[in-house]
Amino acid sequence: MTFDLIHTDSSTKARAGIMHTDHGPVQTPVFMPVGTVGSVKGVFHRDLRDDVLSRIILGNTYHLYLRPGTEILEQAGGLHRFCNWEGPILTDSGGFQVFSLADCRKLTEEGCKFRSHIDGSSHLFTPENVIDIQRSIGADIMMAFDECPPGDAEYKYAEKSLGLTHRWLERCFKQYRATEPRYGHHQSLFPIVQGCTYGDLRRRSAEFVQQFDAEGYAIGGLAVGEPAEVMYEMIELVNAVLPEDRPRYLMGVGTPVNLLEAIERGVDMFDCVMPTRNGRNGMLFTSEGIVNIRNLKWRNDFSPLDPALCSFVDSTYTKAYLRHLTLAGEMLAAQIASLHNLAFYTWLMRQAREQILQGTFSAWKPAMVEKLSRRL
RNA sequence: GGGGAGAUACCAAAGCGGCCAACUGGGGCAGACUGUAAAUCUGCUGACUUUCGUCUUCGUAGGUUCGAAUCCUGCUCUCCCCA
């Protein structure tokens with residue numbers, strides 16, 4: 001994977017670029033829909049490609065390893081062919097599950113012992129086998145196996161955890177270099193900068209990861225409970241250290257406002273479950289602000305979901321109808337909301353890119369943030 | 001005509017002398033959700049009050065009792081069975 005940095009905004013750190021993968025180009029800034037088990041919940045690939053205009057999606061090592069398992073994925077010819085997604089795929093390493101499934105795991109130097117959330121069976125993830133699994137999946141971008149500590153972790157724990165993440169990173173790259181792609185297309189490996197909310201640890205981490213001359217770098221361990229301002233501060237600090245000519249990926253973030261703030265600080269890639277999960281739960285992100293579609297006030301509002309009309313559902317269905325479907329528990333409601341939210345996120349990324357290229361980002365962004373913060 | 005059962009908040013349904021403004025569902029209203037164990041979870045849902053609390057409620061009219069949704073009597077209505 002190569003990255004062309006096309007333009008950097010003159011007054012902010014915002015960047016526009018293109019990533020070239022063996023599964024096609026990806027313009028940045030980019031939002032990548034999360035398709036944990038090989039499915040972006042509630043959305044057809046066709047709509048993701050042709051309506052949402054997504055160019056890259058995520059899968060998850062932990063989930064795909066447990067089900068359907070690497071054997072099936074290998075028989076299928078990799079995840080791309082298994083789920084029939086022709087664009088690039090990025091897989092998270094399972095590091096986040098080490099955090100989110102904290103109750104059923106045990107961390108050691110070797111790796112992470114954990115119990116399956118599906119059947120309780122015991123498994124071990126190591127930096128080596130997590131790379132192997134991602135080779136079996138065939139992700140265009142593989143993520144290093146890391147520990148993602150909670151947002152309120154104390155310094156001592158954060159420092160210890162960072163040491164472990166760094167040692168694991170060395171093992172990830174060793175395994176990465178000792179193995180080959182299985183399906184003929186190139187696979188990148190992105191290190192993950194950790195360090196919680198401690199500036200010196202973040203800086204240390206951002207410096208450490210560069211020794212691997214990776215094709216891109218990720219910032220992890222943010223939006224895990226710390227205030228947004230602290231997150232922005234960490235991003236700023238890390239991006240000041242990371243190389244300019246590689247894409248920066250802010251993992252798991254976030255709200256539309258988070259995205260714009262991060263873009264302003266030089267982030268190129270994002271993923272988040274928010275558009276799909278919150279969509280399923282009745283929340284719409286729109287160009288005018290946030291809509292809780294279950295609210296009484298929408299009962300007779302027959303206007304489009306979003307005047308920006310970023311998806312076909314926006315002009316096909318009204319707020320009143322979507323409210324009705326949502327309250328009725330219809331699965332179509334979840335599909336419509338998910339599709340809209342994803343389309344809105346990618347629309348927002350295209351807008352940001354356009355503004356960066358035209359040199360108007362710094363004027364456009366604050367007004368947009370103000371709009372996106374509104375609760376309608 | 002005779003016999004039996006029952007009437008509880010928006011709906012359904014517990015409660016059967018004080019811990020009851022009243023369990024629990026549903027419905028309704030509102031909130032949460034950030035590298036997906038989430039089509040999930042959390043509140044509120046008689047009135048007034050920010051809280052404490054006060055007031056009015058369990059078909060209806062009386063009665064017993066220190067105290068009643070709960071016990072007694074009349075009335076109204078509903079359902080079931082037999083003729």
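The chains referred to below are lettered A, B, ... by the order of the sequence lines, with proteins before strands, and numbering in each begins at 1. None of the values given here were measured: they were computed from a predicted structure.
Within the 3.5 Å criterion, the main-chain N or O of A/Met1 finds a donor-acceptor partner in the side chain of A/Glu215.
At a threshold of 4.0 angstrom between heavy atoms, the contacts of A/Thr276 include nucleobase atoms, whether or not backbone atoms are also involved. Heavy atoms of A/Ile118 sit nowhere under 4.0 angstrom from any nucleic acid atom. Among the protein residues, A/Gly221 comes within range of the nucleic acid bases, having at least one heavy atom under 4.0 Å from a base atom. The residue A/Asp146 sits close to a base: some heavy atom pair falls under 4.0 Å.
The residue among A/His117 and A/Asn258 whose nearest nucleotide of RNA chain B lies closer to the 5′ end is A/Asn258. Along RNA chain B, the nucleotide nearest A/Arg323 and the nucleotide nearest A/Met143 are compared for position; the residue whose nucleotide lies closer to the 5' end is A/Arg323.
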From CA spacing to verdict: side chain to side chain donor-acceptor pair (under 3.5 Å), A/Asp92, A/Tyr62: CA-CA 8 Å; A/Asp92 184 31; A/Tyr62 168 86; over 6 Å; no
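Rounded to a whole Å, the CZ atom of A/Arg294 is 12 Å from the P atom of B/C41. At whole-Å resolution of the value, CD1 in A/Ile235 and C1' in B/G35 are 13 Å apart. Summarising the geometry, the separation between CG on A/Asp268 and P on B/G35 is reported as 19 Å, rounded to the nearest angstrom.
Contact annotation: A/Arg277 reaches the phosphate of B/U34 (side-chain N/O to OP1 or OP2, under 4.0 Å). Residue A/Gln97 has no polar side-chain atom (N or O) positioned under 4.0 Å from OP1 or OP2 of B/G35. Look at A/Arg375 and you'll find a side-chain N or O under 4.0 angstrom from OP1 or OP2 of B/A32. A/Asn292 has a side-chain polar atom (N or O) that falls below the 4.0 Å cut-off from OP1 or OP2 of B/G31. Within the 4.0 Å cut-off from OP1 or OP2 of B/C29, not a single side-chain nitrogen or oxygen of A/Asn295 is found. Close to B/A37, at under 4.0 Å from its OP1 or OP2, lies a side-chain N or O of A/Ser100.
Applying a 4.0 Å cut-off to non-hydrogen atoms, the residues of residues 244-252 of chain A that approach RNA chain B are A/Met251, A/Gly252, listed by residue number.
Transitive grouping of hydrophobic side chains (ILVMFWY, heavy atoms separated by less than 4.5 Å) brings A/Val291 and A/Leu348 into a common cluster. The hydrophobic clustering, which links ILVMFWY residues whose side-chain heavy atoms are closer than 4.5 Å, places A/Met269 and A/Trp85 apart.
For A/Leu327, the side-chain contact (heavy atoms from CB on, under 4.5 Å) criterion is met by A/Arg294, A/Arg323, not counting sequence neighbours.
Going from atom OG1 of A/Thr70 over to atom OH of A/Tyr65 covers 8.0 Å, rounded to the nearest 0.5 Å.
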